[in-house]
Structure formats: structure tokens, C-alpha cells
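Lettering follows sequence order; numbering is per chain, from 1.
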Number of protein chains: 2
Amino acid sequence: MGNDTRPPTLKDVASPAGVSVISASRVMRGAPNISNGLREKVETAAQMIGYRRNRIAGSLRGQTTDLITVIVPSMSNHVFPNIVDGIDDALQGSQLRLVLGMTKYKDSSEEDILRDMLTWNPAGVILSGLEHSDSTKEMLSNFSGPIVEVMDTDGDAIDMAVGNSMAEAGVLIARHLVAKGYRRIAYVGAWGERPKRSVKRRVAFEIELERLNTPLVTSVIHEGESSLQHGAQAFKRLLDYDLKIDAVFFANDDLALGALFYCQANNIRVPQDIALAGFNGIELCQSITPRLTTISTPRYEIGWLAGDLIRKQIAGESNSKQQMFRLDLELIEGSTT
Amino acid sequence: MGNDTRPPTLKDVASPAGVSVISASRVMRGAPNISNGLREKVETAAQMIGYRRNRIAGSLRGQTTDLITVIVPSMSNHVFPNIVDGIDDALQGSQLRLVLGMTKYKDSSEEDILRDMLTWNPAGVILSGLEHSDSTKEMLSNFSGPIVEVMDTDGDAIDMAVGNSMAEAGVLIARHLVAKGYRRIAYVGAWGERPKRSVKRRVAFEIELERLNTPLVTSVIHEGESSLQHGAQAFKRLLDYDLKIDAVFFANDDLALGALFYCQANNIRVPQDIALAGFNGIELCQSITPRLTTISTPRYEIGWLAGDLIRKQIAGESNSKQQMFRLDLELIEGSTT
DNA sequence: ATGTTGATTGGTAACGTTGTCAATAATATT
DNA sequence: AATATTATTGACAACGTTACCAATCAACAT
């Protein structure tokens, strides 16, 4: 691949087109007030010599890029892929591009990734959750573009936030389980309860159970990743405690489904012997028999709205600074409770 | 000293540190041959005034960025999130950042996304599949950095390719089904068989069946997305044809699992009444009862290797140009065949 | 006829960094 | 001790674009 020659620049377009460099620039980036004649001349010349914009140069001069920083824990789960899909869809039609970083559930990486990301002068930032290190908060407070924190709305947003109330989710499930007559209720989490929003959900769950005179019997927090297998493992551990648990709320559907499959494989009747409830409402919950009771979170919508807010903010179409968007949660009652 | 509206530059670091701008630059980007004294002076000053590198400016001068373009169909599936996770892990420790674009299964978008991505002067490009439009191929042939095509290895790579042989997968399943005694075999696909690698798999499957004197009875290609529900729908459509099918190979696990759940809900015995096989080997296949027969693809490893090749190539650590990395497939025999 | 306004085009000077070349100081080699 | 390397620092000039300001011209109002 010939890197001997340098790619054509605006000067190379302007010269054969017989126009100034700045005019060529305006045509190439679709600036207003350009006559058809000029546009045509420039476009023809650009086509001819195979000109391609250099956004790096433009970004340097313009002091801002069309890059959007997105930092998520990981992609290997059923939440963030949908979020990212939503963001991307909302960014369609704009010039904005998504630059992705992953913390792999290591809280401290968020700061490092953000620090590096900011060296690219992004136009906007999307993070997950409302909890961040002090350095992260400081970097963001000095950041001039729009910032959206996704997933969680229980707390203070740096700029904008889109997500669900984790507390509401905990309360919804607590009431549901108690209403259904379960009295010895347990909780199962994973990832050592990182990120922190899972803690908010569990705590609200516990408090509501307490309020309903049905205190949480115990909780099992798996240190490792969240998966079907680990859900089954943690569930088995829970059963081994022999606490006559009659219902379990899991931090997510994967854990709950792992437990459900474990029950099916071990002739434990669900919900007669034990009831199971998950969180997120992934497609699988509705497709299996019995359908898993869960809380459906609008993941794609969260991503879409986050992307749309960023896009509008950058385009100057709206000003939603300092706003929090709390989307609806829905209890999906399956046959496991 | 100057403008407090603009972020500090190297000049603002160099001045209080009492060194030249270029020396400050060298320290900030970790160039070799810097004395400890200089490094310390610069780092102190940088810390003091809160200097942050401007990669845009550096990229303009250096003619290359540390951005890696990654174009995938979508994130809402069980394949590409793992790939992207793998890429990201392989890029850890380097300065490289992943810029993500999604075609949403519209083949023609790849070209548009790539065109836009190239305006950012990426250091490398990762695409999925080996099939691309002529324009895409031309843009890539003029691109000077490393290019990795992931997923598919049946064809010619532009530069490097990492993935599996789709044909091998088709053959493996064909042999397995025939060996198990199935004789009236069907195929179910989705997304209108975009991307094209699914066609390669199906065709190899058909040819091998033919060779084994058990020609494919029929295939159903769903036009829309791949999901559990659509798998069930397409499967139901297949059953409605009343062709006495005794085994079905699905384009992926989601479709197959959808069919399996449909069978479970409708008292169709698997594999006695009909055998089902999927493709990809997602975790769920092993967790349910009966375990789904499938072919496991090393998705994370494909992503990791792709990222690692890009990283090494850019660091000049290796030269794997024009190489194809065909990873192993494994038939996971469950209880559905 | 005389401004006035807006549309259209151009010139100049950054944007903040680093490649290249050059100079000097420190160390190794003969 | 003289010379050859190597390590360390600096000066200058790009990199390719666009913000800003200025100029021209046509259309329109007074």
C-alpha cells in the first residue's frame, strides 16, 4: 500500500477547481451560503482527485471533535450491548462517532480511561452509573461538552442522566414477592456488587421487605462474573445454607435463569419449592417455560435517549443540562413466582 | 499568564518548568532519552497546571492517530459483544482506542461508515467478514495501516483475517446429523442471510449432505432479526410445511433455542420427534436441559487475536501482513441431536 | 440615487503538537 | 589524550483545516 505519497488536501482540490481553499473547505463540510456553481466545481475536483476530509486537522482548528466517549463496564452481558446499540442509532445522521472504553468491572479504570479519552477532545461523554471517583468527577466538571450518565437515576447527575430507579426496582420486587405470599426471601448478586447501582437495588429491596415485616433472610454475593453457571453455583450455595428460603431475587436475569435451569435439572419445583425473580427482562425470560418473573429495563431506549441528548446538545437543538430522565420499569410477572 | 478559557498547552508547561516545549512534549508522551531531572521538572509543572495532552494536535503533526476503527453489524447479538470485548482486552496497555461503527445489517452502510471513519486517520481497521463492496475494498487498499477481517476465513483477506471456516462448520454439522441417523434435514436462517458468511455455512452444509446422500429437504430464511422468538416462528413455519423433517440446523443458537423452547412448550420431543442444532456455542446451550448441540466458535479469542495483531503491527513488533488465522471449531454434542 | 442588507467568496492566521535537524554534554573506545 | 558514540536538549517549521475578518456584488428599501 503506497504510503509514499501524501493524501490530497483541500489545497489540491481548490487549485484545479479554481477556487480558494476556504471555499473548498466550506463545500466539503456542507457549510451554508454556497452557490451551486462553486459547489459543483469543488465536488467535481474532489471526486476527481479522490479527496477525503481530514477530521483531525479540522478538529484541531475547531477545538472540538465529533467523537463521543462511551465508557461501559463490559460488552459481555445483556445490558450494555443494547445501550450501545441505542446510542449508535441515536447518533445516526449526525457526524458523531462513538469511541468505546471498557472498565471490565474495575472501578478504578473508569478514571484512567476517561483521562485518556479526554486527550481526544471528545464532544460528549457517556458513562454508566452515578458513582465515580473524585478525579473522574473533577475531570468531568471541567469538561465543557454534554455528559450523560446511563442506567441509574438514584443520586445526583453531573450533567444529564438517563436510566431507571434502582430503588424502585427493589421495591417493586419486594412487594411482588410478599404479595405472592413468600416469607423467607433471599438475594443473590454477583461481581462483588460492583457497580454500585446493584447495591442500591438490594438495599431498597431489603428496606421494603423490612417494612413489610418480611426481612431478608440472607444474601449471597458471588465475587466473580455474572453468568448462568455462576447463578446456579451461587443458588446452590444458598440452598446449602438450608435456610428454608422460599423466594430469591437475583441481581440480573442471567443469575436467575442459571438458578432456574439448576432447579429444572435437579427436580426442584419452581415456584412451588422456591420462587425466582430476575432483573432486566432479557428476551429469554419470556421464551422459556416457565417464564421468569423479572423487571424489564428499557436498555435500548436508555441508550437511544442518551445518544439523542448528546446529539441535540451538540447540535444546539436543545438544552437539557442538569436534567435527569427516569424511565419506566415494568414488573413482568412470569410463572416463577 | 494567558487565557484561562483555553486548556493549558505544552507551552504552558514548558515555561514554568524552564524547559523547551519540545522537551515537555517528549516527557509527556514518554519518549526515550530523557534525564530524570528534566522529566521531573516537566511532570511537576504539568501536574501543577493540570496539563492534558492534546492527541488531536499530535495526530495532525504525526499523520497518524491511535484510533482503531471497528465496524460490526450490531451489538444486540451474542457474537460481536464478545469480539469487541476481546479486541478491547488486546488493546489494553497500548494507547489505542476503539472507534465503533455499526451497519445494523445493512451491507451498504459498511462503506459509508468506513468512508467517514477514514477521515479520522485511524491507525488500524477491523471489519467483519470477507465480503465488502468494491468501494470499500478500494478504500482499504489505499489504507496504509493494518486491517483485520474477523469471523470468516473462507475467501481472500485484504490484509489479515481471523475467524473460523464457515464451510467447516457446515460440514461438521452435516456429518454429525447424518451419523446420528437423521435423514430429512432442514435449515433455518435469519436476517435474509446477511451477512454472507451464513450462506457459506449453509451451502457447505448442503453440499456435504448431498455428498452423504441425504440432500437438504428445505430451508427457511427469516427476513428479520435473529432472536428466540423469530427462531420459534421460523421453526413453526417449517413444521407447517409438513415435510417430515427429523433434524434442523439453525444459523445460530438463538434461533435454535427459540425452536427448542417452542418444542418444550408444545410437547414436541427433542430429539425423538425432531433434532435441533445451533451455531456459536453461547453459554445458554450448556445450561439448559436438554443441552443444545452446537458448534462453538471462539468469539472472544477472535477479537483478542484481531486486536493483538493490530496492536503488534502498529507497534512494529511483528509483521503478519497477508496472513489468515483460522481458529478451531468444536462440535459440542448436546442432547438435542 | 443612496444606503442597507444578505449572500457569496477570499485572505490570513492560528489550532497544539511533533518530525527533522542541529547543538551540546556525557561516556566509551582506541 | 584524542576521537567516536551516545544521550540529552532545543529551534524551527510543518501537519491540514477552519475561525475570523474583509471584500464584493446583487437585491431591495428609502
query = Is any side-chain N or O of B/Arg39 closer than 4.0 Å to OP1 or OP2 of D/dT8?
reply = no
ask   = Below 3.5 Å, does any donor atom in the side chain of A/Arg61 face an acceptor in the base of D/dT18, or the other way round?
value = yes
task = State plainly whether the residues B/Arg299 and B/Asp85 are in salt-bridge range, i.e. N to O under 4.0 Å.
result = no
request  = Specify the separation, in whole Å, of atom CD1 of B/Ile34 and atom P of D/dT9.
outcome  = 6 Å
request  = May I ask you to verify if any side-chain N or O of B/Ser23 is less than 4.0 angstrom from the OP1 or OP2 atom of D/dG10?
outcome  = yes
query = Are the charged groups of B/Asp107 and B/Lys196 less than 4.0 angstrom apart, N to O?
reply = no
request  = Mind calculating the distance between CH2 (B/Trp120) and P (D/dT17) to the nearest angstrom?
outcome  = 13 Å
ask   = Within the distance-only criterion (no hydrogens, no angle test), does the side chain of A/Asn142 pair as donor or acceptor with the backbone N or O of A/Glu138 below 3.5 angstrom?
value = yes
ask   = Whole-Å distance between C/dT18 P and B/Lys11 NZ?
value = 15 Å
query = Using a cut-off of 4.0 Å on non-hydrogen atoms, how would the nucleic acid contact of A/Leu38 be classed: base, sugar-phosphate, or nothing?
reply = sugar-phosphate
inquiry  = Looking at C/dT17, I'd like to know if its phosphate oxygens (OP1 or OP2) sit under 4.0 Å from a side-chain N or O belonging to B/Arg29.
reply    = no
ask   = Can a donor-acceptor pair under 3.5 Å be found between the side-chain atoms of B/Arg52 and the base atoms of C/dG16?
value = no
Atom-pair distance (CD on A/Gln63; P on D/dC20), nearest Å = 10 Å
message = Given D/dG16, D/dT18, C/dT17, identify the nucleotide with an atom nearest to the side chain of B/Leu10.
response = C/dT17
A/Arg53 side-chain N/O to D/dT18 phosphate OP1/OP2 under 4.0 Å = yes
request  = Rounded off to whole Å, could you give me the CG-to-P distance for the B/Asn33 and C/dA23 pair?
outcome  = 19 Å
key: Between D/dA19 (P) and A/Leu60 (CG): distance, integer Å   = 12 Å
query = Which whole-number value in Å describes the distance from B/Arg26 CZ to D/dA7 P?
reply = 14 Å
ask   = Between atom CG in B/Asn36 and atom P in D/dA7, what is the gap in whole Å?
value = 14 Å
Touch class at under 4.0 angstrom, heavy-atom based, for A/Ser25 against every strand present = base
key: Polar side-chain atom of B/Asn164 near backbone of B/Leu327 as donor-acceptor pair, under 3.5 Å   = yes
message = Strictly below 4.0 Å, N to O, side chains only: are A/Arg197 and A/Glu131 in salt-bridge contact?
response = no
inquiry  = Assuming nearest nucleotide by heavy-atom distance, tell me which of B/Ala57 and B/Ile22 is located more 5' along DNA chain C.
reply    = B/Ala57
query = Within less than 4.0 Å of OP1 or OP2 of C/dT9, is there a side-chain N or O belonging to A/Ser35?
reply = yes
Any A/Ser20 side-chain nitrogen or oxygen under 4.0 Å from OP1 or OP2 of C/dG10 = yes
